[in-house]
Peer 1: 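Questions regarding the structure given below will be posed in turn.
FYI, the numbering just counts along the sequence from 1. Note that ligands are numbered from 1 as they come in the structure, with each ligand's atoms numbered from 1 the same way. Keep in mind that what you see is a predicted model, and the values were worked out from it rather than measured.
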Amino acid sequence: MTTTFKNDLQLLPEVKTFLSRDVLPAIVGGREVMAASGATLATIDPGSGQKLAEIQDLDASEIDRAVDVANAAFPAWAKLSLEERSKILLRLADAVEKHKPIIAQIEALDAGKIEAQAQGDVQNFVDTLRYFVKLSGQVKQRTKLEVEGHEAWTYKQPWGACAFIFPWNFPMLLIGWGISPALAAGNTVVIKPAEDTSLSAIYLAELAKEIGVPDGVINVVTGRGATAGAALANNANIKRMSFTGSPEVGRLVGEACGRNLVPVKLELGGKGAAVVFNDVDVKATAEALVGAITFHSGQVCCDATRWLVQSDIYDEFVAYCVERLKQIRVGHPLDPDSQMGPVVNPKQRQRVLGYLEKGKADGAECVLEGGPAQVDGFTGNYVKPALLAGSLDNVAAREEIFGPVAYLARFKDEAEAIEMANNTDYGLANSVWTEDPIRAARMAESMTAGNSWINAHNVFPQGVPYGGVNKSGLGGGVLSIETLLDYYRNTSIVRPLK
Ligand code: NAD
């Protein structure tokens, strides 16, 4: 059942109740925590500009306390049998699935995400948690080593309190990718969501408490990056840090962890290429890339933002993309007719519009104008999809824009395509589009990135490691057995036999 709320949007009664609290707490040790200073931050619906709620703006001492609480909760959580811990985590997965429409609507409102896509993100959280719980049952705690003259084995155990700092583009999905392996291995977690999109994390922590996840196992601290985020990154008592966000902040987090000798994983930005050869179905490929660049308004780290197209199909490909992008319906995330929502905040909107100007000033051809978009009845952060074209030395082809803007360039042959795809500081994800499987595999192996996709973009099956190289990240990845193994520390145990 739905009910009418602000702007005639149909909000679920549970969402209305959640937001009606106006000031939402952080959750530490199963308790509601308010900033002692009384400081709060407003969280805004990017689709309407209206305030959704206030969240706590915690200071460094409050973040440090949350880490202490997570470390204090660790021994009991780690000591649970695999069966007991798995049962609790599967109960959490079931509860999140049951509350999917509520969490998805909160996420859609908070992040400006099309509601159906937000539902997909919440389901992804559930699937990821179930995947890592199952995988943890296959990890051998003791591994015997065959070493001449010695009895030897390795022994795995969890680390303690693990910290997570997340960006605003996929809050629930990234929380799932991040914390699931840590929890399944027996660690406790402290989550710092982005200040623009903290609501789903708060809801999750409250739900975890409700269904019996022990206090202190899942802690959510909110606040500004430069204070709350920096305090978490600089805390010497966290046992691991996982940061997802921009390379600029990633460097700061990496430096802080380096000083404290805390293992750190950085999942950073990208400037992915889609390399389109002349043997493809032009319309189907264009359709797929239009879908990719408009998905969550292009605010996707691994998006195909440089479209490299073989010269002889370039004009046909571009003409079809322009036609399709013009038809994209921009609208409020809760409007079922919307195909693309707003960008997350006015600053991000300005960033997107600014790159269009900077790209043109740097010599790019404007293939599809883009610019601000008007949505009837809503003053949100809306922009239209845009296409630029020209030299890959252009600022809009080199830097991450994080909006619905793709940059087009032509290539002659495979050698030139590889050179162009690799002409970037980033290394997150590229795709190659061709009917020739041999060429596809060759290209996929020649592009310098953590991920190469064939005839698809944005593909994340569980079991396939996903991570970045160069400016796109370091220290591991997500979604695979390696991710889980990172959340156990190894002790090598040796006894000489004579
Ligand atoms: P951001 O780096 O500005 O912020 C990310 C998080 O860091 C937020 O929670 C923020 O509060 C916090 N933060 C800010 N300053 C901090 C500081 N000094 N110390 C510690 N924490 C601090 O990134 P964003 O704008 O939220 O997200 C967009 C970026 O995230 C893009 O570059 C995008 O490509 C990247 N991203 C990468 C992946 C991936 O898997 N590789 C996934 C999603 C997003």
Side-chain angles (χ1 to χ4, degrees), residues 41 43 46 55-58 60 63 110-113 121 124 128 163-178 190-198 200-201 220-235 238 241-257 259 262 264-272 295-305 343-345 347-352 399-403 424-429 449-451 458 460 465-479 483:
L41 300 169
T43 185
I55 58 165
Q56 302 306 307
D57 185 9
L58 300 184
I63 302 300
D110 204 20
K113 199 176 273 278
D121 288 5
N124 194 292
T128 305
F164 295 84
I165 301 179
F166 291 109
W168 41 258
N169 56 347
F170 288 88
M172 266 309 270
L173 176 144
L174 291 174
I175 290 174
W177 288 8
V190 179
I191 301 168
K192 152 70 180 88
E195 41 274 61
D196 279 315
T197 57
S198 295
S200 54
V220 171
V221 292
T222 57
R224 291 167 209 272
T227 48
L232 192 54
N234 280 282
N235 187 298
I238 56 172
M241 161 59 76
S242 162
F243 170 82
T244 312
S246 62
E248 296 71 29
V249 178
R251 258 188 208 112
L252 298 176
V253 172
E255 279 168 18
C257 291
R259 267 196 308 280
V262 169
V264 61
K265 175 168 74 167
L266 304 175
E267 309 280 347
L268 308 176
K271 194 73 191 177
F295 177 60
H296 198 25
S297 308
Q299 302 166 114
V300 182
C301 53
C302 49
D303 218 334
T305 49
V343 295
V344 73
N345 57 31
K347 187 170 157 215
Q348 190 61 24
R349 183 172 187 260
Q350 204 37 56
R351 179 184 169 97
V352 174
E399 297 180 9
E400 188 181 35
I401 300 174
F402 229 51
T424 174
D425 298 334
Y426 290 98
L428 190 51
N451 312 275
N458 295 337
F460 311 100
Y466 170 79
V469 300
N470 297 338
K471 206 176 159 185
S472 293
L474 57 80
V478 290
L479 287 181
T483 321

Peer 1: Tell me which protein heavy atom sits closest to atom 20 (C) of ligand 1, plus the residue, atom name and distance to 0.1 Å.
Peer 2: Gly229 C, 3.2 Å

Peer 1: Check for a donor-acceptor pair, side chain of Asp303 on one end and backbone N or O of Thr305 on the other, with a separation under 3.5 Å.
Peer 2: no

Peer 1: Where is the nearest protein heavy atom to atom 2 (O) of ligand 1: which residue, which atom, and how far?
Peer 2: Ser246 OG, 2.6 Å

Peer 1: Please report which non-hydrogen protein atom sits nearest to atom 41 (N) of ligand 1, along with the residue it belongs to and the distance in Å to one decimal place.
Peer 2: Leu268 O, 2.7 Å

Peer 1: Given that the side chain starts at C-beta and the backbone is N, CA, C, O, which of these parts of Phe243 lies under 4.0 Å from ligand 1, counting heavy atoms, or is it both or neither?
Peer 2: side chain

Peer 1: Taking the side chain from Gln299 and the backbone from Phe402, do they hold a donor-acceptor pair closer than 3.5 Å?
Peer 2: no

Peer 1: Any cation-pi pair here, Lys113 with Phe170, using under 6.0 Å and within 45°?
Peer 2: yes

Peer 1: Can you tell me if Trp177 contacts ligand 1 (heavy atom of the residue under 4.0 Å from the ligand)?
Peer 2: no

Peer 1: Asn169 to ligand 1: N or O pair under 3.5 Å?
Peer 2: no

Peer 1: When you compare ligand 1 with Leu252, is there at least one nitrogen or oxygen pair between them that comes in under 3.5 angstrom?
Peer 2: no

Peer 1: What is the closest protein heavy atom to atom 32 (O) of ligand 1, and at what distance does it sit?
Peer 2: Glu400 OE1, 2.7 Å

Peer 1: What residue and heavy atom of the protein are closest to atom 11 (O) of ligand 1, and at what distance?
Peer 2: Glu195 OE1, 2.5 Å

Peer 1: Among protein heavy atoms, which sits nearest to atom 42 (C) of ligand 1, and what does the distance come to when rounded to 0.1 Å?
Peer 2: Cys301 SG, 3.1 Å

Peer 1: How far apart are the closest heavy atoms of Ile55 and Glu195, and which atoms are they?
Peer 2: CD1-O, 3.6 Å

Peer 1: Just checking, any donor-acceptor pair under 3.5 angstrom between side chains of Thr43 and Asp110?
Peer 2: yes

Peer 1: Keeping Arg224 on the side-chain end and Gly229 on the backbone end, is there a donor-acceptor pair under 3.5 Å?
Peer 2: no

Peer 1: For ligand 1, is there an N or O atom under 3.5 Å from any N or O atom of Thr244?
Peer 2: no

Peer 1: Judging by distance only, is a nitrogen or oxygen of Ala233 under 3.5 angstrom from one on ligand 1?
Peer 2: no

Peer 1: Sequence neighbours excluded, which residues qualify as salt bridge (charged side-chain N to carboxylate O under 4.0 Å, His left out) partners of Asp196?
Peer 2: none

Peer 1: With the threshold set at under 4.0 angstrom, would you say Val300 reaches ligand 1 through any of its heavy atoms?
Peer 2: no

Peer 1: May I ask you to list the atoms of ligand 1 that are less than 4.0 angstrom from any heavy atom of Tyr466?
Peer 2: 40 (O)

Peer 1: Any chance you could measure Phe164, atom CZ, to Thr244, atom OG1, to the nearest 0.5 Å?
Peer 2: 9.0 Å

Peer 1: Are Trp177 and Phe166 close enough that their ring centers fall under 6.0 Å?
Peer 2: no

Peer 1: State which residues pass side-chain hydrogen bond (donor to acceptor under 3.5 Å, both in side chains) with Thr128; sequence neighbours excluded, sorted by chain then number.
Peer 2: Asn124

Peer 1: Between Lys471 and Leu428 (side chain of the first, backbone of the second, donor and acceptor by atom type, cut-off under 3.5 Å), is there such a pair?
Peer 2: no

Peer 1: What atoms of ligand 1 come within less than 4.0 Å of a heavy atom belonging to Leu428?
Peer 2: 41 (N)

Peer 1: Using heavy atoms and a 4.0 Å limit, tell me yes or no: is Pro193 in contact with ligand 1?
Peer 2: yes

Peer 1: To which protein heavy atom is atom 24 (P) of ligand 1 closest, and what is the distance rounded to 0.1 Å?
Peer 2: Trp168 NE1, 3.3 Å

